[in-house]
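These values consider heavy atoms only, across backbone and side chains, with no hydrogens, waters or symmetry-generated copies.
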Amino acid sequence: MKLHCLPTRTTFTAINKNGPAQALPKIKLSGEEFLSKLLDRRWTLLSPDTKIHQIMVSSTKGRNRGGVFSNVSFLNNNQPYLGNKMFEDNQGLSFYIVRDDLLHPFVNGNKARKLDGLLPLIEDHDVTDVVTCGGCQSAHAAAVAVSCAERGLKSHLLLRGEQPAILTGYNLISTIYGNVTYVPRSFYAHKEKMLQTHASMVAGSSGNVVYCSDIIDAFITAQTFERSKFVQMDTPRSTKSHSTKVVVVNEGAGDAVALLGLFRLVDYLSQDHLLGRTRAFNFVVDSGTGTTAIGLGLAALCLGLPWKVTAVMLADKIDAYREQERRLIFEFKRQFCFLLDIHKLNGADDGIVHWVDRSCPRRFGNILEGDIEACQQIAQQTGILVDPVYTLAAWEMATQISTAHGDADVVMLHTGGTLGIFGLAQRYKSYFGMLNDVTKS
């Protein structure tokens with residue numbers, strides 16, 4: 001993930017949280033104009049481009065192995081018809097898959113999207129250290145560690161629980177690229193206090209601590225209109241501070257600023273030669289914090305796209321996801337809707353994501369008998385690796401919708417997560433030990 005360096009840097013000024021930002025223009029923009037202005041910034045990813053494949057689904061009753069997909073087989077078309085030619089494609093049951101798992105070897109696709117708009121703001125704010133947290137095999141923590149190391153920032157990762165006997169998967173990547181501290185579960189239960197305490201320790205007596213919300217508020221305050229164009233004010237590089245400045249990034253980067261990268265992705269996918277703006281696609285995504293699904297839904301709403309977002313709930317109950325949806329939408333409106341006609345978001349309060357249970361619900365992080373065989377089947381038939389905790393859940397739902405509604409335009413967002421399978425192999429040795437037997441049979 002190389003930073004796309006442009007000549008401009010952002011000037012940050014203080015913002016009064018008890019009142020509206022000052023000197024902000026009162027011009028309201030259309031959906032496309034708003035998105036154009038919103039995307040006029042520095043990004044972490046050089047390009048929003050991603051590959052789109054098509055997964056053909058066929059019935060194989062009585063001819064396939066057991067497991068989750070005992071009655072179906074898959075075939076990967078890595079050069080499908082897109083744009084107007086999609087209407088000419090009558091090859092039977094299928095769904096499309098957005099290959100964000102290919103964006104970076106160690107950074108999950110959804111993590112790369114969440115950090116896409118955040119990291120340049122952190123750099124422009126002269127941050128020296130980043131503090132965040134996650135589980136022992138946190139893909140988010142690994143993404144922050146790798147991304148910070150790539151741009152010369154120090155990362156401090158608070159991981160829940162005890163250090164494993166063997167470092168592997170995301171835990172290994174986090175340890176190699178970042179500074180890991182294992183936190184007892186009783187202390188981790190109070191995440192806000194935990195993060196603040198550790199950030200203050202890293203900052204020391206001469207440094208200071210900021211939060212993502214502070215950075216984005218300061219960024220918005222610094223905006224100005226010049227000849228009706230949304231630009232950033234320049235500041236000389238010599239003004240950069242050399243003191244320690246620590247930013248706290250919440251677990252999973254579940255803040256409104258993380259939505260920016262999803263807006264950029266939707267803008268890319270909605271081009272006429274790709275998915276276009278008129279076809280009613282049903283996007284399927286696995287959901288940990290739910291931020292990715294909410295970002296997709298909000299971007300589609302702002303652009304007026306007839307897209308539906310189906311999110312498979314993995315880490316919490318529906319009430320918690322709906323609360324997360326309300327919180328992120330509220331934050332987004334507060335931070336960005338001075339540019340957008342508020343009527344564009346009238347439907348947001350009624351919900352923009354269709355939250356669904358996994359086909360075979362289970363406690364978060366657990367895998368069931370047949371899950372590993374399903375991942376193996378997908379890998380052998382399509383060349384695509386999914387993990388049993390996250391992306392297999394999305395694949396299951398995309399397959400279910402496609403087979404139940406033959407004319408459904410389903411698009412699965414492959415968020416990555418494949419490094420997590422190495423950690424799971426340690427926990428579920430008996431399941432993984434059966435793979436050779438399945439292959440031989």
Side-chain angles (χ1 to χ4, degrees), residues 98 100-101 108-118 132-135 137-141 143-144 191-192 212-213 216 249-266 281-302 307-336 345 347-359 361-366 387 389-398 401 411-417 420:
V98 176
D100 264 11
D101 57 310
N108 275 16
N110 64 325
K111 310 305 178 187
R113 298 295 179 184
K114 291 178 185 179
L115 297 175
D116 198 12
L118 173 60
T132 192
C133 63
Q137 286 288 347
S138 170
H140 161 72
V144 170
K191 280 182 285 192
E192 185 174 347
C212 286
S213 57
I216 193 64
V249 177
N250 287 330
E251 184 176 24
D255 296 291
V257 67
L259 303 181
L260 295 176
L262 280 309
F263 271 75
R264 192 183 185 205
L265 173 61
V266 169
F281 289 103
N282 185 355
F283 274 75
V284 176
V285 61
D286 54 89
S287 290
T289 65
T291 305
T292 299
I294 295 166
L296 291 174
L298 197 58
L301 182 64
C302 287
W307 295 0
K308 175 182 178 181
V309 178
T310 298
V312 184
M313 301 181 293
L314 301 176
D316 221 323
K317 301 295 184 182
I318 190 168
D319 289 343
Y321 281 107
R322 285 175 174 166
E323 177 57 34
Q324 169 78 332
E325 186 177 343
R326 286 189 290 267
R327 182 184 69 82
L328 286 177
I329 291 172
F330 175 81
E331 284 186 11
F332 183 84
K333 286 181 176 180
R334 182 181 67 83
Q335 293 172 344
F336 298 107
L345 296 182
D349 294 333
D350 298 326
I352 55 176
V353 177
H354 179 51
W355 303 103
V356 298
D357 289 315
R358 187 169 183 175
S359 302
R362 77 286 303 272
R363 184 177 178 181
F364 178 61
N366 287 0
D387 78 289
V389 174
Y390 290 98
T391 45
L392 176 61
W395 191 289
E396 291 168 350
M397 186 57 59
I401 297 174
V411 180
M412 172 189 159
L413 177 61
H414 194 321
T415 56

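Here the CG atom belonging to Asn108 is positioned 8.0 Å from the CG atom belonging to Asp387, to the nearest 0.5 angstrom. Taking CG from Leu118 and CG from Leu260, the interatomic distance works out to 8.5 Å, rounded to the nearest 0.5 Å. Atom-to-atom distance recorded for Asn282:CG and His354:NE2 is 8.0 Å, nearest 0.5 angstrom. The CE atom of Met412 lies 13.0 Å from the OG1 atom of Thr310; values are rounded to the nearest 0.5 Å. Between Leu301 atom CG and Ile294 atom CD1 the span is 13.0 Å, to the nearest 0.5 Å. Note that the CG atom of Asp255 and the CD atom of Gln335 stand 8.5 Å from one another [nearest 0.5 Å].
The side-chain heavy atoms of Arg113 and Thr292, taken from C-beta on, include no pair separated by under 4.5 Å. Side-chain contact between Tyr390 and Val312: absent, with no pair of heavy atoms (C-beta onward) separated by less than 4.5 Å.
Put simply, the side chain of Tyr321 never gets that close to the backbone of Thr289: no donor and acceptor are under 3.5 Å apart. In this structure a side-chain-to-backbone donor-acceptor pair under 3.5 Å is present from Glu331 to Ala256. A donor-acceptor contact shorter than 3.5 Å links the side chain of Glu325 to the backbone of Ile352.
Taking the side-chain contact (heavy atoms from CB on, under 4.5 Å) definition, one finds that Thr415 meets it with Asn110, Val285, Asp286, Thr391, Leu413, sequence neighbours left out.
Arg326 has a carboxylate O that lies under 4.0 Å from a charged side-chain N of Glu323, or vice versa, which qualifies the two as a salt bridge.
For Arg327 against Gly254, the heavy-atom pair with the smallest separation is NH2-O, 2.5 Å. Closest approach of Gly252 and His140 over heavy atoms only: N-CD2, 3.3 Å. Here the closest heavy-atom approach between residue Trp355 and residue Ser287 is recorded as CZ3-OG, 3.7 Å. The two atoms that bring Leu314 and Phe364 nearest to each other are O-CD1, 3.1 Å, heavy atoms only. Closest heavy-atom contact between Arg358 and Val389: NH1-O, 3.4 Å. Taking all atoms of both residues into account, the shortest heavy-atom contact from Val353 to Ala293 is CG2-O, 3.6 Å.
Each of Lys191, Lys111, Lys114 was checked for a salt bridge (Lys or Arg N to Asp or Glu O under 4.0 Å) with Glu251, and the lone residue meeting it is Lys191.
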Take Val284 and Trp395 through the side-chain contact (heavy atoms from CB on, under 4.5 Å) test and state the conclusion after the steps. CA-CA 8 Å; Val284 176; Trp395 191 289; over 6 Å; no
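Enclosure of atom CZ in Phe330 is not indicated, since only 12 or fewer non-hydrogen atoms of other residues, nucleotides or ligands lie within 6.0 angstrom.
Using a 30° and 60° split on the angle between ring planes, Phe263 and Phe332 fall in the parallel class, below 30°.
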